[in-house]
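Reminder, nothing fancy here: chain letters follow the sequence lines and each chain counts from 1.
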Amino acid sequence: MKGNQEEYRLRFFLDHDYLRRECKVCKTPFWSKDKTREDCADIPCSDYYFLDMKESNLNWSVSEARRRFLEFFRRNGHEIIQPKPVLARWREDLYLTIASIVDFQPYITSGISPPPANPLVVSQPCIRMDDVDNVGITFGRHLTTFEMGGHHAFNYPDKFVYWKDETVAYAKEFFTKEMGIPEELLNFKESWWEGGGNAGPSFEVTVGGLELATLVFMQYEMRGQEYIPLKLKIVDTGYGIERLAWFTQKTPTAFHAIYGELVDRFFEKLGLPRVNSEMLKVASRFAGRIDPDVPSTVQGHREQVARAMGLPVDEVSEELTRAARVFQVLDHTKTIALMLGDGLVPSSGGEGYLGRLLIRRALRTLKLLGVDVRLSELVEMQIGFWGRDFTQLVRNRDYILDAVNLEQEKFNDVLTRISSVVSSLSKKKIGVEDLIQLYDSQGIPPDLIAEEMRSRGLRVEVPHNFYSIVAKRHQSAPVKKEWDSTKLPAEIANQVKELPPTEKLYYRDQYARSFEGVVVKSLGKYLVLDRTVFYPEGGGQLGDQGWILVDGQKVRVVDTQKVGDVVVHVLEKEVALKEGAKVKGEIDWVRRFRMMRHHTGTHVVLAAAKKLLGDHVWQAGAEKTPEKARLDITHHRNLTREEVRRIEEMANLVIDDRRPVTPFEINRTEAESRYGVSIYEGGVPNKAVIRLLEIKDWDVESCGGTHVSNTADIGGIKIVNVEKIQDGIIRLEYVAGDVISSYAGQLEDKLEGLANRLETSSSQVESRVEKLKEENERMKELVAFYRRQFLDELEKRVEVRNAGKVKIVILPALKDGELEKEAMKRLTSSQGVIVVHVNQVNGKLQVEVGTSKDLNVSGVVAELVKAGGKGGGKGTFGSVMMEKGSREEIIDIVERAIKGGNS
RNA sequence: GGGCCGGUAGCUCAGCCUGGAAGAGUGCCUGGUUCGCACCCAGGAGGUCCCGGGUUCAAAUCCCGGCCGGUCCA
């Protein structure tokens, strides 16, 4: 399939005198009008020689390049559509938007849903973490964020738009007319693209060493090794908007083209000397030869630059390292701004972790540069620079800066630990194992440890592939698939899944409580009817319970589940029902109504939290039961009491405002363009037509649950618990309607119980507790005082026996362990003393022996053990449990042991 | 979702590997020194060793379970 030359032999090329040639370096075939060209004009087969071209000196900024690109395709019959967020929240298989085609997967590319326009053009900001290690050191070849200009045409079997020839013709037209590049300089490299389960032939358009666009013709679905032709043939192009800008500006590096004056302002803000731009230009020209995975190529590149400039390698190396780090910070701060601006909350898991990773890398780079500056100030500069292009940055400025500052504080905590960690380790030699352990458990990057070691005159080797070693350690993480989306046994699910869809009476009238239906299938405890008002579990709402009436018999329904569009009633016991039999059904209304209130209430609370806290608040999970509702939201800080109160107040205001709550069905493409991707907070449905729930002037969300028809029916909301369940995720629990009353009742009971135990009334619990606490403090002081008094007396009155040079002090049996320990300490503070304490414990005698520092306890203990005791000791303290013998006998044993010289 | 690290005096932490009388620094209190402050000196108060179970004569220490915090990976 890939080898099929016919895929690339376009009429366009033949009609326009293009020749197919083969690159002398990489052997890739390419099409060009220039009959003398021998290489494919792409790195690494060529250097970036476009930097020296006289052509196309248009000086487009990124904004200008974007505008020109979009306008060109609009003039040529494409509709401009708005880009999506950089967080791919409309799909569950990706965290980030990595290409413009991602906007249309999977429902539009598979033909289930229509595209918003056809053909269309979009400039989609994308984030790719793959090259995060390489950003900067390649002077712009790698970026974590870029805009992909894509024009797309969706060719259906019955509706053809355009295909390869037109796509290539557009490219030629755009590059020659709009950008003023002579046609002879254009090269179309034959290539093959695969991704996201699709594949097809493609052309890479290269000029002067730079790949400006990729034209993909998606036409296969990949199943294992097989390529199956797609129903839809999709034109999927990607023009590098930043590269267009770089090409027309011919600045020393891509960063200068993208960030313009911001480059110098960053150097200034960081307090670093600028880097000679002639050197950068030379570095940039040869940058294609750097393979960041091979450190020697980095060194080789620097030597080459040094030769070309006639400068010492060390000087070049230092300058370029500094430049690369500043470029990395430029790149990361823009990406951070975009991620947070679209609502990412940094955290320890999921997409949030990607944000934290980037922030940490930026902070680490700043540290390596020796710069002490707030990262948020740099991010703020990016917001200022990009705010007109991406208005969400300005809208969410407060959140973005707050989140960045918080992350910096956390990272600083890590940094302050480094010094003490290193000093505790530096006694022994630090190996790779220690570095991995420290990074893994405490997040301390190895290069910072190495730096700290160096400042102490110690050395440690950080392996070049450190991070891949770490990655390998974590490989054996099994991914748990959630196949049990239904709680039914597999054999039941298999038997009912082909049945016709059940008519959903619970959607037709969400307040319906009873119905009449006909048995479609009866499998013991499992019953399928042709229609039902029983809501099957889904969207975080539990399945209904109730009763089925048949032949005068009333059977309890304990749960309701679904398999596809078939609703299965789970009965309390097995009942044999004939197919076609008529039945009546009735749901447990009190239970259902509570769940409806909790469900609609959840939409109300979520929207309130969003409005109060910011756009970054996103549902991370929810559960609605008859007893209470639970909503997990993304947020970077703990909620204050005041914020919780405000959310509750806002929710109750909306309830009292009696707003209509309306479900309606709508085409998903239209839903997305009208309401944005936030409709998918509760999950992404897998249908072309989706059900939305609108709370008037408050919230619109995709939802399959049953809801009250007016917010007033919720009856009120009380938040009963707020906790942080994970870094970046806050859990809210609340009750609605009549459950508030039972909740209040429980609180009363609890308070009453407390009051009883405190032997007071509930109105005086607080003062009573206060008093008890005071009393307890006083008692502790008093006990301490009496202990001291007691000890003074004890010292004077203890029984002392002389056994040679050693004094044996015999303590009376003391019930107070603290007191006994203190007495032993005091009495053994001089020389030649041994203290014995014998006490009755569980019917046995516990002997404790303490000695002064010049003696030790081993001889005495040995004798006691010989006499049948169990125990031991070390140094100046020992204890032995004696099963038999009296107090006197034991003391005699001790005395004999000492006289025998056993101590 | 999985792994790792940590939780001991108000604060920062040692002790845990190898079970045997709960420690240091700092802060606090009292006294000395000083015109006074800082420094210095002496003394003192301050503990649910995160919680629960187990093993043991004996658990901060070993084992199991839980809670909380941190961190890495997906």
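Counting any heavy atom pair closer than 4.0 Å across all strands shown, T851(A) reaches a base atom. In this structure, G443(A) reaches the sugar-phosphate backbone alone: every heavy-atom distance under 4.0 Å involves primed, P, OP1 or OP2 atoms, never a base. At a threshold of 4.0 angstrom between heavy atoms, the contacts of G873(A) include nucleobase atoms, whether or not backbone atoms are also involved.
Look at rC4(B): its Watson-Crick or wobble partner, with both distances under 3.5 angstrom, is rG70(B). The pairing partner recorded for rG52(B) is rC64(B), the criterion being a Watson-Crick or G-U wobble arrangement whose two distances lie under 3.5 angstrom. Nucleotide rG27(B) forms no Watson-Crick or G-U wobble pair with any nucleotide shown, as no partner meets the under 3.5 Å limit on both distances. In a base pair of the Watson-Crick type (N1 to N3 plus N6-O4 or O6-N4) or a G-U wobble (N1-O2 and O6-N3), with each distance short of 3.5 Å, rG20(B) is matched with rC57(B).
Nucleotides rU33(B) and rC39(B), compared at atom C1', are 10 Å apart to the nearest Å. Using C1' as the reference atom, rG46(B) and rA22(B) are 13 Å apart when rounded to the nearest Å. For the P atoms, the distance from rA60(B) to rU8(B) is 15 Å, rounded to whole Å. Comparing rG52(B) with rG15(B), their P atoms sit 25 Å apart, to the nearest whole Å. Between rG19(B) and rA58(B), the distance separating the two P atoms is 15 Å to the nearest Å. Between rC13(B) and rA74(B), the two C1' atoms lie 34 Å apart (nearest whole Å). The P atoms of rG53(B) and rC40(B) are separated by 46 Å, rounded to the nearest whole Å. Between the P atoms of rC35(B) and rA24(B), the separation comes to 33 Å (whole Å).
At least one donor-acceptor pair closer than 3.5 Å links the side chain of E681(A) to the backbone N or O of Q619(A). Without hydrogens or angle criteria, T602(A) side chain to A622(A) main chain gives no donor-acceptor distance under 3.5 Å. No donor-acceptor pair closer than 3.5 Å links the side chain of Q746(A) to the backbone N or O of Y743(A). A distance-only check finds no donor-acceptor pair linking the side chain of T333(A) to the backbone of L375(A) [under 3.5 Å]. Between the side chain of D854(A) and the main chain of Q831(A), no donor-acceptor pair closer than 3.5 Å is present.
Here rC72(B) presents its C1' atom at 12 Å from CG of L438(A), a figure rounded to the nearest Å. Put simply, CG on L811(A) is 16 Å from P on rA21(B), counting in whole angstrom units. Atom CE in M881(A) sits roughly 18 Å away from atom P in rG20(B) (whole-Å rounding). Spacing between atom CZ of R637(A) and atom C1' of rG69(B) amounts to 17 Å, rounded to whole angstrom units. Distance, Y439(A) OH to rG6(B) P: 19 Å, rounded to whole Å. The distance between atom CD of E820(A) and atom P of rA21(B), rounded to the nearest whole Å, is 12 Å. The CD-P distance, from E822(A) to rG47(B), rounds to 14 Å in whole Å. Distance CG (L354(A)) to P (rU71(B)): 16 Å, rounded to an integer number of Å.
Residue T876(A) places a side-chain atom within donor-acceptor reach of the base of rA21(B), judged by atom type and a 3.5 Å distance cut-off alone.
Of the two residues contacting RNA chain B, namely G875(A) and I444(A), the nearest-nucleotide position lying further toward the 5' end is that of G875(A). Annotation: of the two residues near RNA chain B, A823(A) and Q846(A), the 5′-most nearest-nucleotide partner is A823(A).
For A403(A), the side chain to side chain contact (heavy atoms under 4.5 Å, CB included) partners at least two apart in sequence or on another chain are L340(A), P346(A), Y399(A), H636(A).
The K410(A) side chain lies nearest to rG70(B) when the options are rC57(B), rG70(B), rG20(B). Distances from the side chain of K821(A) to the nucleotides rC57(B), rA22(B), rU71(B) place rA22(B) closest. Distance from the side chain of K825(A) is smallest for rA21(B) among the nucleotides rC72(B), rA21(B), rG20(B). If you check rC57(B), rG20(B), rU71(B) against the side chain of K870(A), the one that comes closest is rC57(B).
Between R360(A) and rU71(B) there is a side-chain polar atom (N or O) within less than 4.0 angstrom of OP1 or OP2.
Within a 6.0 Å sphere centred on CG of N802(A), heavy atoms belonging to other residues, nucleotides or ligands number more than 12.
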